[in-house]
Amino acid sequence: MELLLGTITGVIFGFLLQKGQVLRFEKQVGFLLLRDMTIIKFMFSAILVGVVGIHFLNDLGTIDLEIKDAVIGAQVIGGLIFGIGWAIAGYCPGTSVGAFGEGRLHALWAILGMIAGAALYAEAYPTMKKTVLTWGDLGKITIPDVVHLNQWIVILVLVVVILAMFNWFRANNI
Amino acid sequence: MANFLTKDRYNPYIAGALAGVLAILSVVVSTKLLSKPQYLGASTTFVRAAGMIEERFTKNPLDVNEYYLKTKVKVDWQMMFVVGIFAGALISAVAGGTYSNELIPPIWQQRFGSNPFARAAGAFLGGAIALFGARLAGGCPSGHGLSGMMQLSISGLIAMVCFLVGGILTARIIYKGGI
């Protein structure tokens, strides 16, 4: 059942990424060069819908959150390293596989590189665990925890910011 | 309605909003059927794939590596999710008539020429750097970006900002020759 659910969810997600044109190298790098906001429109629309639905269902007790540990050193250094690789490859982990599916055969090299990068990280992990992964470990905290506001106020602000950003894209035709 | 399969593309706002609905449904359905919430994510699968390959081709048992031990190398929900992304993109591209074999993307070709081996090397190197960074950060744009942000996690917010900063600066340097 677990594997079937994963497959179905992945097929629908891959379908939507492809129809939204998010998988294309030109859209990924086009965003990083700030010429084309397609991938940001997709991603923040998903966040907009998701943040409301997830918190509503969490308030009802239907689902639990699964917050990842905030470790400032890890997310800052790892995030910046990720960004460097993303710009060179033109794909992130999810989109590389989808891009290969829509015929971008060169994405296969990115996929193989990602597997190699994962193996390299597995070797580096004992060192990272003693260093970067201890730098600024704040645990499973959320934005509402930090700003000491009700989560729905934070969500309202986020929604307004995202909609203002979309409006700015429209006004600037990007 | 019948042409939802054959349309060549959706408005990215619509496609993204539907992905948001999918992310919510995934958590609800997995909570009901698997008794654990499945938030979308992709990068751990590459660790499991690396572990499986090492197990197959080297004599080292996996349990000598702490990270593989911690990650639990097996076919799981997320690995099938990633395989599903491939299949879903293929179905969508073929049905919509947008499937196209490509060895070198045009932007890359303009900057680095038409040698497919150069693109292969760039894609491999970039992929390796990206995944190393994603695992160090604890997630990729799916796990930290989508799932983290929709839970309002601090880890997701910091990672997302750093993904964008690192990516934008690097893209300017390599495709435009300067910040």
Side-chain angles (χ1 to χ4, degrees), chain A residues 2-3 6-7 9-11 14-16 18-20 25 29 32 38 41-42 45-47 49-51 53-54 63 65 67-68 70 75 78-89 92-94 97-98 101-104 106 109-110 113-119 121-122 125 141-143, chain B residues 10 12-13 15-17 19-20 23-24 26-27 31 42-43 46-47 49-50 67 77 80-81 84-86 88-90 92-93 99-102 105 119-120 123-124 126-137 140-142 149-155 158-159 162-163 166-167 170-171:
Chain A
E2 179 190 338
L3 302 185
T7 309
T9 312
V11 168
F15 183 91
L16 292 171
Q18 205 280 334
K19 291 291 188 210
F25 181 93
V29 174
L32 293 174
T38 302
K41 292 173 185 172
F42 181 98
S45 299
I47 292 171
V49 171
V51 73
I54 291 290
I63 59 163
L65 299 183
I67 306 286
K68 295 186 188 212
Q75 271 109 42
L80 292 172
I81 293 174
F82 174 87
I84 294 169
W86 177 24
I88 299 172
C92 58
V97 183
E102 65 169 358
R104 277 33 178 216
H106 54 96
W109 298 111
M114 287 176 191
I115 295 174
Y121 184 74
Y125 178 70
I141 55 166
T142 64
I143 302 170
Chain B
Y10 295 178
Y13 292 118
I24 300 168
S26 171
V27 174
T31 299
S43 64
F46 291 81
V47 177
Y67 196 59
W77 183 93
M80 296 317 295
F81 173 72
I85 292 176
F86 171 85
L90 178 63
S92 169
Y99 183 93
S100 143
N101 282 321
E102 177 185 274
R119 172 57 191 153
F124 187 91
I129 296 170
L131 214 291
F132 188 96
R135 286 329 305 158
L136 182 57
C140 64
S142 304
M149 285 294 291
M150 64 180 60
Q151 297 180 74
L152 298 175
S153 72
I154 290 290
S155 53
I158 300 174
C162 293
F163 293 160
T170 308

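Numbered from 1 within each chain, the chains take letters A, B, ... in sequence-line order. Because only heavy atoms are used, hydrogens play no part in the values below, and waters and symmetry mates are left out as well, while side chains stay in.
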Could you check which of [options] has the highest count of heavy-atom pairs closer than 4.5 Å to chain B?
options: A:Ala87, A:Gly113, A:Ala116, A:Gly85; result: A:Gly113
options: A:Ala70, A:Gly6, A:Cys92; result: A:Gly6
options: A:Ser45, A:Gly20, A:Ala119; result: A:Ser45
options: A:Ile143, A:Ile63, A:Ile81; result: A:Ile143

Heavy-atom side-chain proximity of [X] to [Y] below 4.5 angstrom:
X: B:Phe46; Y: A:Val97; result: yes
X: A:Ile67; Y: A:Ile141; result: no
X: B:Cys162; Y: A:Gln75; result: no

Contacting moiety of B:Ser155, where chain A heavy atoms sit under 4.5 Å: both
B:Arg119, part contacting chain A, at a heavy-atom distance under 4.5 Å: side chain
With chain A as the partner, which of [options] has the greatest number of non-hydrogen pairs under 4.5 Å?
options: B:Gly20, B:Ala89, B:Ser92; answer: B:Ser92
options: B:Ser142, B:Ser153, B:Ala23; answer: B:Ser153
options: B:Ser43, B:Ala123, B:Ala17; answer: B:Ala123
options: B:Val27, B:Thr170, B:Val47, B:Leu90; answer: B:Thr170
options: B:Thr31, B:Ile158, B:Asn101; answer: B:Asn101
options: B:Ala50, B:Gly16, B:Ala42, B:Gly166; answer: B:Gly16

B:Trp77 atom CH2, neighbour heavy-atom count above 12 within 6.0 Å: yes
Minimum heavy-atom distance between B:Pro105 and A:Phe25, given as atom pair plus value: CB-CD2, 3.3 Å
Least distance between heavy atoms, A:Phe42 atom then A:Leu16 atom: CE1-O, 3.6 Å
A:Phe82 and A:Trp86 aromatic ring geometry - parallel, tilted or perpendicular at 30°/60° bounds: tilted
Pairing residues for A:Glu102 by the side chain to side chain donor-acceptor pair (under 3.5 Å) criterion, not counting sequence neighbours: A:Gln18
Test salt bridge (Lys or Arg N to Asp or Glu O under 4.0 Å) applied to B:Glu102 - qualifying residues, sequence neighbours left out: A:Arg104
Under 4.5 Å from any heavy atom of chain B - which part of A:Tyr125: side chain
